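Heads up, the thing below is written out as structure tokens.
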Amino acid sequence: MGTQGGTALISTTAEWRALKEHFANEIDKTHLRDLIADAKRCEELVIESDGVYCDFARQRVTHDTMTKLYDLARAAGVKEKINAMFNGEAINSTENRAVLHVATRAPKDKVINVDGKNVVPDVHDVLDKIKDFSERVRNGEWVGETGKPLKDVVAIGIGGSFLGPLFVHTSLRTNPEAADEARGRQLRFLANVDPVDVARSLNGLDPETTLVIVVSKTFTTAETMLNARTVRAWIRASLGEAAVSKHMVAISTNLKLVEEFGIDPDNAFAFWDWVGGRYSVCSAVGMLPLSLQYGYDTMEQFLKGAWSMDQHFANAPFEKNLPLTLGMLSVWNVSFLDCPARAILPYTQALAKLAPHIQQVAMESNGKGVAIDGTPLDYETGEIDFGEPGTNGQHSFYQLIHQGRTIPCDFIGIIKSQQSVYLKGEIVSNHDELMCNFFAQADALAVGKSAIELRAESCPDALIPHKTFTGNRPSLSILLPELNAYTTGQLLSLYEHRVATQGFVWGLNSFDQWGVELGKVLASRVRTSMNSKRTKGEIMTPGDGFNPSTTALLNRYLAGKAK
Ligand code: F6P
């Protein structure tokens with residue numbers, strides 16, 4: 001069991017079994033309360049890379065656990081897989097593609113070959129085009145149909161063509177230097193095909209001063225293309241047919257479809273099939289809209305930050321490798337501690353869109369049921385990612401994390417806030433208040449509170465069970481010196497490579513997403529039937545091929561619309 005084509009699942013290795021035994025015989029009998037009292041251990045369980053400081057002393061691990069986890073990484077061939085990724089091998093085997101989002105942030109002099117061709121010059125050609133175009137739009141040289149500068153941008157795209165850019169935009173908009181660059185400009189996103197999102201994204205915008213970017217790797221995604229046609233109609237209705245070439249540009253790997261849509265190929269910004277959608281924010285997908293908003297120089301820093309973490313991931317030894325270590329800790333939590341989820345808890349509002357972005361990066365990548373060779377997996381993979389900035393989350397779902405399910409938490413704190421508020425007479429500034437919670441929550445989860453402590457505090461007996469916290473709940477704490485374009489790039493790359501490490505160990509393909517297809521096919525069947533029934537004024541019948549529940553739901557919907 002567990003093999004196909006000669007490849008054994010990682011769960012059949014001695015290293016995996018050793019970790020299972022280690023958990024049962026040792027870790028299951030330890031408590032974080034005791035583990036974090038050990039100064040030497042705390043000192044050991046810290047890794048820093050280029051200013052990104054991560055303390056994982058609140059994970060349920062010892063020195064021995066870490067050794068065994070790194071042994072597991074070796075058994076899984078993680079180093080070889082990292083090399084294969086950076087060397088442009090087609091490690092996304094189900095789509096026969098290289099996985100080279102790292103090339104989108106490579107410096108000009110780097111050589112990264114795909115099928116014998118160095119792709120870095122192509123990357124920099126597109127970056128040069130983005131720099132030139134964004135500067136011309138920003139300085140008013142590129143104007144709209146009526147001669148007015150284009151100060152507002154609507155980026156239409158969904159999934160990876162939306163979530164990464166939104167995360168970076170949210171991270172930068174309150175950074176004073178970036179905000180300075182963005183003065184007088186607006187960047188909006190239109191992702192959902194919901195007419196409410198169309199209305200929201202266009203509300204108050206004037207087509208005369210608006211630039212629309214259609215962002216789609218495939219240029220076939222139904223929702224994006226419908227939204228693109230809707231917004232094109234909005235431009236045409238106001239400014240005429242010819243205005244499209246001045247007000248609409250595209251980002252895609254499918255330049256043929258871009259042209260067929262009616263966008264001038266000169267106004268198309270390419271990327272390549274070796275950049276996965278959810279890994280595409282460093283390509284034109286993020287670089288164009290964000291350079292228009294914050295200036296190319298700001299965004300160049302973002303690429304540099306991501307590249308710094310890429311280099312660290314590719315070169316640091318396992319024991320000092322931050323993304324790899326965090327990936328191994330996630331494997332530990334999911335596969336050995338049976339934790340189903342992970343909470344991403346940034347203590348800054350500017351990272352409010354980190355969790356939604358990582359949700360796609362991690363869950364679309366590692367939510368798989370089979371190994372890379374098709375063998376059904378006999379262990380769980382991936383985790384349910386969710387999160388909110390602290391302290392908001394504390395007043396929402398932390399109760400469950402403290403007393404309900406065990407959910408490993410990533411606490412992310414910023415040493416120097418983007419903003420400063422210090423009300424005279426207060427003990428601490430707003431940011432210090434926020435960060436006090438950052439430090440306190442991690443310890444509350446680890447240590448908990450015992451009945452003995454409660455009694456010593458004269459807690460009424462009846463309340464003791466309710467106020468007792470078992471503790472022993474894992475978390476890790478990441479501290480960034482500040483939040484700017486560079487550190488946002490580092491954070492992005494950290495999470496991307498952590499997810500890749502997990503996938504490498506679980507032996508699956510983290511770079512395809514076949515699970516998304518089934519729903520798309522069914523939606524297309526519904527679309528065809530709905531259109532035909534509405535045109536003929538008919539209702540759905542059992543003969544239309546939908547189950548009784550869907551037939552009834554569709555009929556209720558169609559009847560309600562007809563009223
Ligand atoms: O949801 C599936 C998916 O293929 C994602 O992986 C991708 O990010 C998204 O759709 C959008 O695809 P596209 O950029 O081709 O429009």
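Atoms within each ligand, like the ligands themselves, are counted from 1 in listed order. Everything numeric in this text was worked out from a predicted model, so none of it was measured. Position 1 is the first residue of the sequence, and the numbers go up from there.
A donor-acceptor contact under 3.5 angstrom links the side chains of Trp506 and Ser335, judged on distance only. At a cut-off of 3.5 Å, with distance as the only test, no side-chain donor of Thr298 or Glu181 sits close to an acceptor on the other residue. In the model, Ser171 has a side-chain atom that pairs as donor or acceptor with a side-chain atom of Thr488 under 3.5 Å. Residues Tyr279 and Ser365 bring a donor and an acceptor atom of their side chains to less than 3.5 Å of each other. Side-chain atoms of Asn509 and Thr94 include a donor-acceptor pair closer than 3.5 Å.
Residue, atom and distance of the protein heavy atom nearest to atom 15 (O) of ligand 1 are Thr218 OG1, 2.6 Å. At the shortest separation from atom 4 (O) of ligand 1 among protein heavy atoms lies Lys520 NZ, 4.0 Å. The protein heavy atom nearest to atom 2 (C) of ligand 1 is Val516 CG1, 3.4 Å.
Numbered from 1 in the order shown, with element, the atoms of ligand 1 that lie under 4.0 Å from a heavy atom of Ile158 read 9 (C), 11 (C). The distance from ligand 1 to the heavy atoms of Thr221 drops below 4.0 Å at these ligand atoms: 12 (O), 13 (P), 15 (O), 16 (O).
Closest to atom 5 (C) of ligand 1 by heavy atom, among Gln513, Arg278, Glu364, is Glu364.
Where the criterion is an N or O separation shorter than 3.5 Å, residue side chain and backbone included, Gly160 meets it with respect to ligand 1. Not a single N or O atom of Thr224, backbone or side chain, sits closer than 3.5 Å to an N or O atom of ligand 1.
Under a cutoff of 6.0 Å and an axis angle of 45°, Arg138 and Tyr296 do not form a cation-pi pair.
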